[in-house]
Amino acid sequence: MNSKVSNQIAIATLYVIASTIVVILAALLGYIIISGLPALSWHFLTSPAKAFTAGGGIGIQLFNSFYLLILTMIISFPIALGAGIYLNEYAKQNWLTSLVRTAIEILSSLPSVVVGLFGFLVFVVQFGFGFSILSGAFALTFFNLPLLTRSIEEALAAVPDEQREGGLALGLSKWETVLHIIVPAALPTILTGVILSAGRIFGEAAALIFTAGQSAPALNFTDWNPFNISSPLNPMRPAETLAVHIWKINSEGIMPDAKAISSGASAVLVISVLGFNLLARFVGHRLFKRLTAG
Amino acid sequence: MNNKLQKQLLKRSKAAKLERLGKTVSFLALMLITVTVFAIIIFVASKGLATFFSNHVNIIDFLTGKDWNPNVTNAKGQPEVGALPMISGSFVVTILSALLATPFAIGTAIFMNEISPHRGAKLLQPVIELLVGIPSVVYGFIGLTVVVPAIRNIFGGSGFGILAGTFVLFVMILPTVTSMSVDALRSVPRYYREAALALGATQWQTIYKVVLRAATPGMLTAVVFGMARAFGEALAVQMVIGNAALLPTNLVSPASTLTSVLTTGIGNTVMGSLQNNALWSLALVLLMMSLIFNLVIRMIGRKGAMSK
Amino acid sequence: MLINPSSPRLDDGWLERNIVDPSLKSQQPIVLETQQLHVYYGDNEAIHEGDLKFPEHQISALIGPSGSGKSTYLRSLNRMNDGIARVSGEILYRGVDVNRPEIDVYEMRRRIGMVFQRPNPFSKSIYDNITFALKRRGVTDKKELDEVVETSLKQAAIWDEVKDKLTKSALALSGGQQQRLCIARAIAVKPDILLLDEPASALDPVSTSKLEETLLKLKEDYTIIIVTHNMQQAARISDYTAFFNMGRALEYDETSQIFTSPKVQLTNDYVAGDFG
Ligand SMILES: Nc1ncnc2c1ncn2[C@@H]1O[C@H](COP(=O)(O)OP(=O)(O)O)[C@@H](O)[C@H]1O
Ligand SMILES: [Mg+2]
C-alpha cells in the first residue's frame with residue numbers, strides 16, 4: 001500500500017475514533033437528561049423518599065449531599081491549604097518531602113472503597129461516631145485531600161516569586177507574605193480547584209456507604225438546632241446522599257418506581273456536577289478579572 | 001557599638017513568632033495527610049492479615065482457592081475462602097476495559113494534539129472534562145438500564161457479567177487515559193515532527209514512527225493509571241457484574257470483583273468474625289494492587305526519564 | 001585614600017583593588033559596611049570579597065558586567081539571600097553585625113528595605129499596597145494610615161498621579177508608576193536604607209528619569225544603594241560608585257573619580273564601554 005493512501009486511511013480512522021467519543025458523551029448526557037427530566041418536579045426535589053411505594057422524592061438525600069459537601073470542605077480546606085503551603089513554600093528537597101509526596105500520591109490513587117472502609121473502621125467503629133454525616137465527612141476528607149492539596153500547591157507555585165520577595169523585603173515573615181499576598185493572588189485558581197473537587201465529592205458514593213450510611217431518617221426542616229436528632233444540621237445522624245441513594249435503590253430497591261427515581265436522581269447529580277464545572281470556569285475567570293482590572 | 005539598636009534587632013519580632021507558628025501549623029497539616037496514609041495501610045493490613053494469623057487460613061489457599069463460601073467449612077476443616085474468583089474477576093474486567101479503552105484514548109489524543117488541535121481544544125477537551133465529571137453511580141445506573149438489557153438481548157442470559165462490567169469501565173476510564181495521553185503527546189518537542197516531515201514522511205508516518213515512539217512512556221503511564229482506576233472502581237462495576245463469586249468462565253454470566261464483593265458483603269458480616277476478616281483480606285489485596293500500580297507508574301516514569 | 005590591606009588573590013599583578021574608604025572623604029557617618037563578605041551558591045563562590053562602606057544620605061551605585069555579583073552582593077545586605085545562598089563575613093549596620101542568626105531578620109529588613117528589578121506590586125489596591133505591611137505590624141488607626149499613604153506616595157513622586165484612584169488595583173498602573181509605588185511601599189515602613197536592584201531596567205526613558213529625580217530627593221531622608229547597568233544613570237545620580245567584576249569589588253570611589261580617572265584598567269575599559 002502506498003504511504004499516501006495509508007496516511008489517509010489512518011487519519012480517517014482517527015476522525016472516526018474522536019467522533020465516537022463525542023457521540024458517547026452526547027448519548028450519555030442525552031440519555032440521562034431525557035430519561036431523567038420527566039421525573040423532575042418540585043415535589044421530587046423536596047419530598048422524602050418512600051421505601052415501598054411509588055411517588056417518593058429525593059429531598060433529604062439532596063440536602064444530605066450538600067450538607068456533607070460543605071462539612072467536608074470545612075474540614076479539608078484548611079488542611080489542604082496548610083499542606084499545600086508547606087509543600088510549595090517551605091519543603092526542602094529531601095527524603096521527608098519525597099516520602100510525603102509519595103504518600104499523597106498513594107492516597108490519591110487509593111480506591112475510594114478502601115478509604116471508605118478505613119473511615120468505617122476508625123470513625124464509625126473506633127470513635128463511635130456510628131453511621132453519620134461526621135464519619136462520612138471525615139472519609140470524604142481523606143478522599144479529597146490529595147487532589148485539593150495538589151491543586152492548591154500548583155496554584156501557589158504559579159504566583160511569581162517577585163511577590164514573595166516583595167513581602168519579605170518589607171520585613172514581613174514568609175508566613176504572613178504567603179497568607180496575605182500569595183494566597184489571595186492565587187485565589188481564582190484555588191477556588192477553581194475547590195469547586196472542581198466539590199463536583200467529585202458530590203458524586204462520590206463508595207466512600208460513603210459504610211460511613212455516612214445508607215439510610216435517610218426523616219428530618220424536621222423547622223428545627224435547626226444541630227443537637228436535636230431530627231435536625232437537618234445534626235452531624236451525628238445517618239445520611240444517605242443522592243449518589244448513595246441511586247446505588248442503593250438499584251441494588252436492592254423495592255419501590256415500584258425505582259427506575260424513574262434513579263433516572264431523576266442521576267439527572268440531578270449530573271446537572272449538579274455540570275453546574276460545578278461551569279461555576280469553576282466562571283469563578284476563575286471573573287475573579288481573575290476583578291483582581292487585575294483597575 | 002550601637003547598643004540600643006543592637007537590642008532592638010535582637011528582640012524577637014511579631015513576624016518571627018508568626019513565622020514559627022505558621023511553619024509549624026502547615027507542617028502539621030502535611031504530616032496529618034502522611035500519617036493518615038500510613039494509618040490506612042496499617043489498619044487495612046492488620047485487619048486483612050487476621051484471616052491468616054487468627055483464623056489460620058492458608059494464604060496460598062486464599063489466593064488460589066476457587067470457592068468463596070465463608071460460612072462453610074471444607075473437608076480439611078478450613079473455611080472456604082478462596083478469593084480467586086474475585087481476584088480474577090477484577091483482573092479480567094481491568095485488562096479488558098484497558099484493552100478496549102487504549103486505542104480509543106490514544107486515537108482521540110492523537111486527533112486532539114496532531115490532527116485537529118482547534119477542534120481538540122474547543123470540542124473534545126470539554127467533552128473529556130465532562131466525562132471525567134460524571135459520577136460512577138451514574139455510569140453504573142446507565143450500565144444497568146442500557147448495557148445489561150442490551151447484552152441480555154444479544155447474548156441471552158441475565159446480561160450481568162464481565163462484559164457489562166468491561167463496557168462500563170471502558171467508558172469510565174476513557175477520559176482519564178485520553179487526557180493523560182494528550183499530556184504525553186504534548187511533551188514531545190515540536191522539532192521531532194518538523195524533522196520527520198522535512199524528511200518527506202507523511203503525517204501518519206511522523207505520528208506513528210516518531211511522535212508515538214517518543215510519547216510511549218507517557219502513554220503507558222496513562223494506561224496503567226486507567227487500569228488502577230478500573231481495578232479500584234466499586235459501585236459501577238458492582239451494579240452490573242452480577243455479584244456471583246464464581247470463577248468467570250465466559251463474559252456474559254454473573255461474576256464478581258474484589259470491590260463488588262466488598263461493597264455487598266461488609267455490611268452483612270459481624271466485625272471480627274472470619275466472614276468479616278476474609279472481606280478485609282480482599283480489601284488488603286485491593287490495597288496491595290493499588291500500591292503495585294503506583295510502583296509500576298513510578299518505574300515507567302523513571303525509565304522514560306532515563307531514555308530521554 | 002586607603003588601599004584595602006588584604007591582597008587580591010588574582011595572579012595578574014596589574015589587577016590591584018582600589019577601595020576607597022568614604023569615611024575619609026565624606027562628613028557623613030557610615031551606616032552600612034561589609035567586612036570579608038563571601039557569598040556561596042552551593043560550592044560556587046559568587047562574591048569573593050566585598051568590603052565596602054556606605055555613607056549616610058548618599059547614593060552609592062554598584063556597576064559592573066552582568067554576572068559580576070552585584071545583585072548577589074546587594075541581596076546579601078538585607079539577607080534576602082537567606083535560604084538561597086550562604087553568606088559569611090560581617091554586615092555592619094550602624095555598627096551592629098546583622099549577619100548573625102540571632103538577629104531578627106524581619107526587623108532588620110524593615111530598616112533595610114529593597115526594591116526589585118521588575119516592579120512587583122501586590123494584586124491589591126494602591127492604598128492596600130502601601131498600608132499592608134503597617135497593618136501587619138499592628139497599625140490600625142485610619143488617620144495614621146491615610147497619612148502614611150499620602151506622605152510615602154508624595155515622597156515617591158507618584159501622589160499626583162494616583163491620589164484619585166487609591167482604591168483601584170495597583171496592577172492597572174503603568175510600569176514606571178508601579179515601580180514608584182513599590183518605592184512608596186518600601187518607605188511606608190520608615191526604613192533607614194533603601195536597596196534598589198536595577199530599578200529602572202524595565203522602564204522607558206521618561207519613567208526612568210522620573211525615577212532618578214525621585215531617588216535624588218529621597219537621599220535627603222534615606223541612604224540609597226543602587227545596582228545599575230546603566231552607566232549614565234550611575235554618573236547622574238550617585239555620589240559613590242563601586243565597580244564589580246567576577247565577584248569582586250575592584251574599585252570603589254567617588255563617582256566622579258570612577259568616571260573620569262579610574263585607577264583600575266578594567267574599570268576604565270568598562271566605563272568607556274569596551275566590555276560588559
Ligand atoms: N539563585 C542563584 N543560584 C545559583 N547561582 C546564582 C544565583 N543567582 C546568581 N547566581 C550566580 O552568581 C553570579 C552572580 O550573579 P548576580 O549576582 O546575579 O550578578 P549581577 O547582578 O551582577 O548580574 C552569577 O555567576 C550567577 O550565575
Ligand atoms: Mg543582577
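When reading the values below, keep in mind they use all heavy atoms of this one structure, side chains included, and skip hydrogens, waters and symmetry mates. Throughout, protein chains are lettered first and strands after them, A, B, ... in sequence-line order, and every chain is numbered starting at 1.
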Q: Tell me, side chain or backbone of B:Leu262 under 4.5 Å from chain A's heavy atoms, or both, or neither?
A: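 Its backbone and side chain both get close to chain A.
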Q: Report which part of B:Lys17 has an atom under 4.5 Å of a heavy atom belonging to chain A: side chain, backbone, both, or neither.
A: neither
Q: For B:Met271, is it the side chain, the backbone, both, or neither that has a heavy atom closer than 4.5 Å to a heavy atom of chain A?
A: side chain
Q: Using non-hydrogen atoms and a 4.5 Å limit, figure out which bit of A:Leu196 sits close to chain B: side chain, backbone, both or neither.
A: neither
Q: Please rank B:Phe225, B:Phe111, B:Phe43 by heavy-atom pairs under 4.5 Å with chain A and give me the top one.
A: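 Heavy-atom pair counts peak at B:Phe111.
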Q: Quick one: what part of B:Leu18 sits under 4.5 Å from any heavy atom of chain A, side chain, backbone, both or neither?
A: both
Q: Who wins among B:Arg229, B:Lys47, B:Met31, B:Arg298 for the most heavy-atom pairs under 4.5 Å with chain A?
A: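 Maximum pair count with chain A is reached by B:Arg298.
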Q: Give a yes or no on whether the backbone of A:Glu240 and the side-chain of A:Gln61 come within a donor-acceptor separation of less than 3.5 Å.
A: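 Absent.
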Q: Which atoms of A:Val122 are under 4.5 Å from chain B, going by heavy atoms: the side chain, the backbone, both sets, or neither?
A: side chain
Q: Give, as side chain, backbone, both or neither, the part of B:Phe38 having an atom under 4.5 angstrom from any heavy atom of chain A.
A: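 The answer is the side chain of B:Phe38.
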Q: Please state whether the side chain, the backbone, both or neither of A:Phe120 comes within less than 4.5 Å of a heavy atom of chain B.
A: side chain
Q: Heavy-atom count check: over 12 atoms from other residues, nucleotides or ligands less than 6.0 Å from B:Phe167 CZ?
A: no
Q: Contact part of B:Ala39 toward chain A, heavy-atom cut-off under 4.5 Å: side chain, backbone, both or neither?
A: both
Q: For B:Ala234, is it the side chain, the backbone, both, or neither that has a heavy atom closer than 4.5 Å to a heavy atom of chain A?
A: side chain
Q: Would A:Phe127 and A:Phe138 count as a close aromatic pair, with their ring centres under 6.0 Å?
A: no
Q: For B:Pro103, is it the side chain, the backbone, both or neither that has a heavy atom under 4.5 Å from a heavy atom of chain A?
A: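 When you check distances to chain A, only backbone atoms of B:Pro103 fall under 4.5 Å.
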Q: Measuring heavy-atom distances to chain A, does B:Ile40 have an atom under 4.5 Å in its side chain, in its backbone, in both, or in neither?
A: both
Q: Tell me, for A:Ile106 versus chain B, whether the close heavy atoms (under 4.5 Å) come from the side chain, the backbone, both or neither.
A: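 Both the backbone and the side chain of A:Ile106 come within 4.5 Å of chain B.
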Q: Between A:Ala103, A:Gly199, A:Pro78, which residue shows the highest count of heavy-atom pairs closer than 4.5 Å to chain B?
A: A:Ala103
Q: Report yes or no: does A:Ser65 contribute a side-chain atom to a donor-acceptor pair with the main-chain N or O of A:Leu242 at less than 3.5 Å?
A: yes
Q: Can you tell which part of A:Val178 gets under 4.5 Å to a heavy atom of chain B, answering side chain, backbone, both or neither?
A: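 No part of A:Val178 comes within 4.5 Å of chain B.
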Q: Using non-hydrogen atoms and a 4.5 Å limit, figure out which bit of A:Ser266 sits close to chain B: side chain, backbone, both or neither.
A: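 When you check distances to chain B, atoms from both the backbone and side chain of A:Ser266 fall under 4.5 Å.
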Q: Answer with side chain, backbone, both or neither: which region of A:Ser263 has an atom nearer than 4.5 Å to a non-hydrogen atom of chain B?
A: both
Q: Checking the side chain of B:Ser90 only, and the main-chain atoms of B:Phe231 only, is there a donor and an acceptor separated by less than 3.5 Å?
A: no
Q: Which atoms of A:Leu117 are under 4.5 Å from chain B, going by heavy atoms: the side chain, the backbone, both sets, or neither?
A: both
Q: Which of the residues B:Val132, B:Ile41, B:Val127, B:Ile297 is involved in the greatest number of heavy-atom pairs with chain A at under 4.5 angstrom?
A: B:Val127
Q: Testing the 3.5 Å rule here: is there a donor-acceptor pair between the side chains of B:Gln238 and A:Trp247?
A: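 Their side chains do contain a donor-acceptor pair, which is all the 3.5 Å distance test asks for.
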Q: Counting N and O atoms only, with roles assigned by atom type, does the side chain of B:Ser26 sit under 3.5 Å from a partner on the main chain of B:Gly22, one being a donor and the other an acceptor?
A: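 Yes: the side chain of B:Ser26 pairs with the backbone of B:Gly22.
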Q: Using heavy-atom distances under 4.5 Å, tell me whether A:Leu179 contacts chain B through its side chain, its backbone, both, or neither.
A: neither
Q: What part of B:Arg20 lies closer than 4.5 angstrom to a heavy atom of chain A: side chain, backbone, both or neither?
A: neither
Q: So which part of B:Thr264 gets closer than 4.5 Å to some heavy atom of chain A, the side chain, the backbone, both or neither?
A: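 Contact with chain A involves no heavy atom of B:Thr264 at all.
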Q: What part of A:Val273 is in contact with chain B, defined as an atom under 4.5 angstrom from a non-hydrogen atom: side chain, backbone, both or neither?
A: side chain
Q: Name the member of B:Val44, B:Leu32, B:Ile134, B:Thr145 that forms the most heavy-atom pairs with chain A at distances under 4.5 Å.
A: B:Thr145
Q: Side chain, backbone, both or neither: which part of B:Ile110 has an atom under 4.5 Å from a heavy atom of chain A?
A: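 Side chain only.
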Q: How far apart are the closest heavy atoms of B:Pro149 and B:Leu144, and which atoms are they?
A: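 Where B:Pro149 meets B:Leu144 most closely, the heavy atoms are CD-O, 3.3 Å.
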Q: So for B:Val137, is it side chain, backbone, both, or neither that comes closer than 4.5 Å to the heavy atoms of chain A?
A: both
Q: I'd like to know which of B:Leu123, B:Leu21, B:Ile115 tops the heavy-atom pair count under 4.5 Å against chain A.
A: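 With the most close heavy-atom pairs to chain A, the winner is B:Ile115.
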Q: Checking A:Thr102 against chain B: side chain, backbone, both or neither under 4.5 Å from a heavy atom?
A: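 For A:Thr102, the contact with chain B is made by backbone and side chain together.
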Q: For the candidates A:Leu87, A:Ile17, A:Leu29, A:Ile11, which exhibits the highest count of non-hydrogen atom pairs separated by less than 4.5 Å from chain B?
A: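 Highest number of pairs under 4.5 Å: A:Ile17.
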Q: Answer with side chain, backbone, both or neither: which region of B:Tyr139 has an atom nearer than 4.5 Å to a non-hydrogen atom of chain A?
A: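 Side chain only.
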